[in-house]
> 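Dropping the structure in here first, questions after.
Quick note on labels: first sequence line is chain A, next is B, and so on, each numbered from 1.
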Amino acid sequence: MPLTICTWNINSVRIRLDIVRAAVETLRPDVLCLQETKCQDDKFPMNAIRDMGFPHIALNGQKGWHGVATFSRRPFQAVEKGDFCGKGDARHVAVTLAPEDALGKPLTVHNFYVPAGGDVPDPELNPKFAHKLAFLDEVTAWPPLTAAAADAGRHAVVVGDLNIAPLETDVWSHKQLLSVVSHTPIEVEKLNRFQASGPWVDVMRTFVPPQDKLFTWWSYRSPDYTANDRGRRLDHVWASESLAPAARAMTVLKDARGWDKPSDHVPVALTFG
DNA sequence: ATGGTAGCCGCGCTA
C-alpha cells in the first residue's frame with residue numbers, strides 16, 4: 001500500500017473545515033499535516049477531523065496564531081513536539097508511524113511552521129527576522145532531526161510551511177524578490193544548511209525540474225491570484241535519502257487557491273511506496 | 001520600512 005502525505009498551511013482550521021474536507025476527498029492522504037491552525041488544542045474540531053477518516057490526531061496548538069496539527073489514518077508509535085528559541089511557540093509536531101506498509105520501516109513525519117520573519121530583512125532592525133534566522137539555526141542542529149535523517153533503521157520526512165523559497169524558480173521574479181523576506185540570500189543559505197544537515201532530499205523538485213517555476217502560495221494582497229502568477233514556493237516536502245527513491249507522485253493542488261474562502265497556501269501531496 | 005487582504009488574542013497585531 002502506498003502512503004500519501006499532504007502538507008497545507010490552512011490559515012485557521014476552524015473557518016476552513018469545508019475546504020479541508022474537499023482537499024481530503026481530492027488527494028486521499030494517509031497523513032495530513034496542517035500549519036497555522038490558529039486553534040487551542042481544547043478547541044480543536046476533533047470530531048470533524050475524525051469524520052474525514054483520521055482517527056489519529058496529534059496537536060500542537062496555541063491561542064490565536066501559529067499552531068500545527070497532524071492527522072493520520074494509521075496509529076502513531078510516538079508523538080514529539082519541539083520548542084525552538086525558547087518562546088513556547090507551537091511550530092512543530094512529529095509523529096512516527098509503525099512499519100506496516102511497503103516502506104518497511106518506521107516513518108517519522110516532522111511537521112514545521114517556520115516563522116515568517118516580518119517585512120524588513122535585517123536582523124538588527126527586525127526582531128522577527130532575527131527570530132526566523134535563529135529558528136533555522138536551531139532546527140539545523142536539533143539532534144532528533146539530524147539523527148532521524150541518518151538513521152538507516154527508519155524513514156523520515158520534513159514537511160511544512162518553511163516560509164522560504166530557495167530556488168530562483170521558486171518565486172515569480174528572482175530579481176524583484178531578492179530583498180523580500182522569504183527569498184533573501186541569508187534565508188536561502190540557512191535553509192540550504194538545514195537541508196544539508198540531514199541530508200534531506202527536496203522531493204518536490206524531483207518531480208518538477210529546477211528550471212521550471214513551482215509555487216505553493218499566492219498573496220491575499222492581490223485581487224486576482226492568477227494575474228501574472230505571482231506566487232512563491234514556501235511549502236516543502238523533504239525526504240530522508242532512504243525514502244526519497246520511493247517517491248511515486250506529487251500533486252500541488254493549485255485549484256484550492258481559487259476555492260471559496262481559500263487559504264493563501266495550497267496543499268502539496270507526495271505519494272511514497 | 002509603499003499598500004494591498006485576511007484572521008484572531010479583533011479597532012492592533014501577525015501573516
> Show the atom names and distances, to 0.1 Å, of all donor-acceptor pairs under 3.5 Å that link a side chain in residues 30-38 of chain A to residues at least two apart or in another chain.
{"unit_1": "D30(A)", "atom_1": "OD2", "unit_2": "T4(A)", "atom_2": "N", "d": "2.8"}
{"unit_1": "Q35(A)", "atom_1": "OE1", "unit_2": "N9(A)", "atom_2": "N", "d": "3.2"}
{"unit_1": "Q35(A)", "atom_1": "NE2", "unit_2": "T7(A)", "atom_2": "OG1", "d": "3.0"}
{"unit_1": "Q35(A)", "atom_1": "NE2", "unit_2": "C33(A)", "atom_2": "O", "d": "3.4"}
{"unit_1": "Q35(A)", "atom_1": "NE2", "unit_2": "N111(A)", "atom_2": "OD1", "d": "2.9"}
{"unit_1": "E36(A)", "atom_1": "OE1", "unit_2": "N9(A)", "atom_2": "ND2", "d": "3.0"}
{"unit_1": "E36(A)", "atom_1": "OE1", "unit_2": "Y113(A)", "atom_2": "OH", "d": "3.4"}
{"unit_1": "T37(A)", "atom_1": "OG1", "unit_2": "G67(A)", "atom_2": "O", "d": "3.3"}
{"unit_1": "K38(A)", "atom_1": "NZ", "unit_2": "N11(A)", "atom_2": "OD1", "d": "2.8"}

> Is dC9(B) syn or anti, taking syn as a glycosidic angle within 90° of 0?
anti
> Name the orientation class of the two ring planes belonging to H92(A) and F112(A) (parallel below 30°, tilted from 30 to 60°, perpendicular beyond 60°).
tilted
> My understanding is that only one of R14(A), R21(A), R16(A) makes a salt bridge (Lys or Arg N to Asp or Glu O under 4.0 Å) with D18(A); could you say which?
R21(A)
> With rounding to whole Å, what would you report as the distance between dG10(B) and dA15(B) at their C1' atoms?
15 Å
> Are P115(A) and F129(A) side-chain neighbours, meaning at least one heavy-atom pair lies under 4.5 Å?
no
> Hydrophobic clusters join Ile, Leu, Val, Met, Phe, Trp and Tyr when side-chain heavy atoms are under 4.5 Å apart, directly or via other members; which others share one with Y220(A)?
none
> What interatomic distance, in whole Å, is found between P of dT14(B) and the corresponding atom of dC9(B)?
15 Å
> I'd like to compare against my own output: the B/S/- annotation of nucleotides 5-15 of chain B with a strict under-4.0 Å heavy-atom distance to protein.
BSSSB----SB
> Mind checking the C1' distance from dC11(B) to dA1(B)? Whole angstroms is fine.
23 Å
> Would the F194(A) and W200(A) ring centres measure less than 6.0 Å apart?
no
